[in-house]
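We use all heavy atoms of the structure for the numbers below, so side chains are in, but hydrogens, waters and symmetry mates are not. Convention: sequence-line order gives letters A, B, ...; per-chain numbering from 1.
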Protein chains: 2
Amino acid sequence: MEDASKTAPSPPTLHDVAREAGVSVATASRALNGSARNVRSENVRRVRAAAAKLNYEPHLSAQAIAKGSTRTVALVVGDVADPYFSAIAAGVSGAAEEAGLIVTMAVADRSPDRELEIVRTLRGQRPRVLIIAGSRVDGTDTRAPLIEELEEYRTTGGRVIMISQRDLPFATVTVDNHGGARRLAHALARLGYRRYAIFRAPERVRTSTDRCAGFLAGLRESGAGGAPPVVVEAEFTRSGGHEAARRLLERGYEDVEAVFAVNDVMAIGAMTALRESGVVPGRDLAVAGFDDIGSAVDVVPPLTSVAVPLKEAGLRAMRLALSPDDRAAEERIATHVVVRESTPVLRPSG
Amino acid sequence: MEDASKTAPSPPTLHDVAREAGVSVATASRALNGSARNVRSENVRRVRAAAAKLNYEPHLSAQAIAKGSTRTVALVVGDVADPYFSAIAAGVSGAAEEAGLIVTMAVADRSPDRELEIVRTLRGQRPRVLIIAGSRVDGTDTRAPLIEELEEYRTTGGRVIMISQRDLPFATVTVDNHGGARRLAHALARLGYRRYAIFRAPERVRTSTDRCAGFLAGLRESGAGGAPPVVVEAEFTRSGGHEAARRLLERGYEDVEAVFAVNDVMAIGAMTALRESGVVPGRDLAVAGFDDIGSAVDVVPPLTSVAVPLKEAGLRAMRLALSPDDRAAEERIATHVVVRESTPVLRPSG
DNA sequence: TTGAAAGCGCTACCAG
DNA sequence: CTGGTAGCGCTTTCAA
């Protein structure tokens, strides 16, 4: 008769399965997981049957501690609700599940301090892989401690992968922000635009800064000797873009033909703000963004942007992590310009 | 002299910390985590210092197995890249981090089979809480096994929370789909609309079906004796909406004044499809959606929708999970109609 | 207030 | 091929 204890029953253990199957735990373990082949097939059957009957599920923590390694990949994102990050998360999660890994996700709220804190506690999980997605931010005092933390993690067998820019000495999936913005500038110049406004995030947000620099470089190369662009600084979010547009309208936009917002959510927020003030995007003022998020084709007019295969970036990050190659590799994600109606031909090219 | 072993160094353990601090592991454990107060403060200091010096981070798996419980909450979503789910994920993750819990995320690809499989393997993590977000799907043969799996999980101390509709015997955060759609129908009727098309997902997707039913009920109550709505069935995604609109156009839409799409991504996809065919949404054909996702205000015309506080749903789910109350509670998330320009006044009300 | 030691569930080594 | 058993890193009695 079973000991009908009154305490909360606990899930069946390998012992239970072994007993049920009439074999030792060792055999049960081998049959279910370990080096499978060294078990008489009869016993494999019995163990499997017992496991199924008891609805046994191995205790991952126990396995982790016994084997000395987990099957976990930890993902740090700036903000899940932002399509930029959720696309990356989708890629990572897809590749991870394919590889039989479990994803744990932490949200850093775009704060470098929070990011550091998260990385620290994440180490407690002893994840196989640690993927950090999110723009590097210059001039914070968390840079050094973060590097130290990650360095140590790597020393003890972990794999670090960054997604964004190559700023820290770890394997990185970089997005070609500079090149994409540069080519966008060329494309706009070809359409006849000469005078620009740029909606950018604060200087220290690297992604924004890289895109700006690329855009400016592209402008110079196009020989558009026009006045330097009007620069409006705001948050790296939809509402940041909205606000930037309002500020531009306040100032007056007679001297600008096109706005380059450093990401699509800003561009979309800006378009809405323009429209709210009776300025028709694409007709009265051209707008271009960056990222080519899904909704770029659903706004009006459809948004010219620079496509960044974010989901693929997530996939590649996982693949990089799983590759045997140990060193701080760099994997470059190409970007390409997608011209849509938000930047119509302004001056027919000669 | 340290044993400079050649194998990959492993992270410091509690033993290392104890040795460094000159106390026993037991004391070190108590100082760092356990019942803190029974340690001489001098020793607490020493242990803390040692831990900091070694950059010690407790091995969560080891703690889990020693304590017999984890600090993990497992979240199952249909698709992270969909704003519906990423909003929920944001809510869950926010509340979890606040409670010091770690979130592990799995993506079911909207497949009930995958969902079941995930739940099964997730049990191996022994999470404290298991949150399943995603529409219930009728008529699958996974329902019974899913219930069994979850039941067992609960028996062994886990908390199950569903987000969507109350279909399974577990605590649920339900979204008032029926009521919201019903009130949307009232609102549209008040604006003068009489003849509708409905873009819905297949019958078995409960969320879609509930919204349809609510909408139809609202129509009846409004006494709009018009012809029954034209129903177009498509996928529950943006491209489903796009396709539904195309099919409606093919068929001809002279007899419909407004489209109700059962979610915003469908509605937005539909608007784009309409526009691609030269049909101006809001002028030639009104469109309304459901969920009030962020981009509803950024499309043109801004989309009439039913607001569902998804992030809050995630928060509430976590809160429910953490509440002592054990039984299958139900927490209702209210929804409310937001009328925007995609459904302008059609017939001035009398 | 402390330390020794017995586990937690599982794997892997070592004998048979 | 199989079973016994020594850990894995940590918590938690139990005595001291």
Side-chain angles (χ1 to χ4, degrees), chain A residues 5 7-47 50-51 54-72 123-127 156-157, chain B residues 5 7-47 50-51 54-72 123-127 156-157:
Chain A
S5 69
T7 60
S10 41
T13 71
L14 192 56
H15 276 86
D16 301 328
V17 174
R19 183 151 26 81
E20 177 77 25
V23 298
S24 72
V25 262
T27 301
S29 172
R30 285 186 284 247
L32 257 21
N33 317 305
S35 22
R37 289 291 130 59
N38 324 324
V39 183
R40 190 156 41 116
S41 61
E42 164 63 10
N43 275 340
V44 174
R45 267 201 333 89
R46 296 161 71 97
V47 172
L54 298 178
N55 207 342
Y56 168 76
E57 206 56 59
H59 194 307
L60 263 30
S61 288
Q63 290 193 150
I65 192 183
K67 301 216 244 228
S69 75
T70 62
R71 298 196 62 72
T72 300
R123 274 186 36 220
Q125 287 186 49
R126 305 288 188 271
T156 58
Chain B
S5 69
T7 61
S10 42
T13 72
L14 191 57
H15 276 84
D16 301 328
V17 175
R19 180 151 28 80
E20 176 77 25
V23 299
S24 73
V25 264
T27 300
S29 171
R30 286 187 282 247
L32 256 21
N33 317 303
S35 19
R37 290 288 133 58
N38 323 323
V39 182
R40 193 155 41 116
S41 61
E42 164 62 10
N43 275 339
V44 173
R45 267 202 331 91
R46 297 162 72 98
V47 172
L54 299 178
N55 206 344
Y56 167 76
E57 206 55 59
H59 193 309
L60 262 30
S61 289
Q63 291 193 152
I65 194 186
K67 301 216 244 229
S69 76
T70 62
R71 298 195 61 74
T72 300
R123 275 185 36 220
Q125 287 188 48
R126 306 287 188 273
T156 57

Between [X] and [Y], what is the shortest heavy-atom contact and its length?
| X | Y | result |
| --- | --- | --- |
| A:Val44 | A:Ala31 | CA-CB, 4.2 Å |
| A:Pro58 | A:Gln63 | CB-OE1, 3.5 Å |
| A:Tyr56 | A:Leu32 | CE2-CD2, 3.8 Å |
| A:Gln125 | A:Thr72 | OE1-CG2, 3.5 Å |

### Query
Is a side-chain donor or acceptor of B:Arg126 paired with a backbone partner of B:Ala64 at a separation under 3.5 angstrom?
no
### Message
Can a donor-acceptor pair be found, under 3.5 Å and without considering hydrogens, that links the side chain of B:Thr156 to the backbone of A:Pro11?
### Response
no
### Query
Between B:Val47 and B:Val39, is a side chain to side chain contact (heavy atoms under 4.5 Å, CB included) present by the stated rule, with each step listed?
CA-CA 10 Å; B:Val47 172; B:Val39 182; over 6 Å; no
Output the rounded distance in Å from [atom1] ([X]) to [atom2] ([N]).
| X | N | atom1 | atom2 | answer |
| --- | --- | --- | --- | --- |
| B:His15 | D:dC10 | NE2 | P | 9 Å |
| A:Gln125 | D:dC8 | CD | P | 22 Å |
| B:Leu14 | D:dG9 | CG | P | 11 Å |
| B:Asp16 | D:dG9 | CG | C1' | 10 Å |
| B:Glu57 | D:dG9 | CD | P | 15 Å |
| B:Leu60 | D:dT11 | CG | C1' | 14 Å |
| A:Ile65 | D:dT11 | CD1 | P | 10 Å |
| B:Lys67 | D:dT13 | NZ | C1' | 15 Å |

### Minimum-distance nucleotide to B:Gln63 side chain [options: D:dT11, D:dG4, D:dG9]
D:dT11
### Message
Taking the minimum atom-to-atom distance to the side chain of B:Asn33, which one of D:dT2, D:dC10, D:dT11 wins?
### Response
D:dT11
### Query
So does A:Asn43 get a side-chain nitrogen or oxygen closer than 4.0 Å to the phosphate oxygens (OP1/OP2) of D:dC1?
no
## Note on the structure
Between B:Thr27 and B:Pro11, whichever has its closest DNA chain D nucleotide further toward 5' is B:Pro11
### Task
Check whether the side chain of A:Arg30 and the base of D:dG3 form a donor-acceptor pair under 3.5 Å.
yes
### Query
B:Arg126 or B:Val25: which one's nearest nucleotide on DNA chain C is closer to the 5' end?
B:Val25
### Message
Below 4.0 Å from chain B heavy atoms, what is the first contacting nucleotide of DNA chain C and what is the last?
### Response
C:dT1 to C:dG9
### Query
A:Thr13 near the nucleic acid: base, sugar-phosphate alone, or nothing, with a heavy-atom cut-off under 4.0 Å?
sugar-phosphate
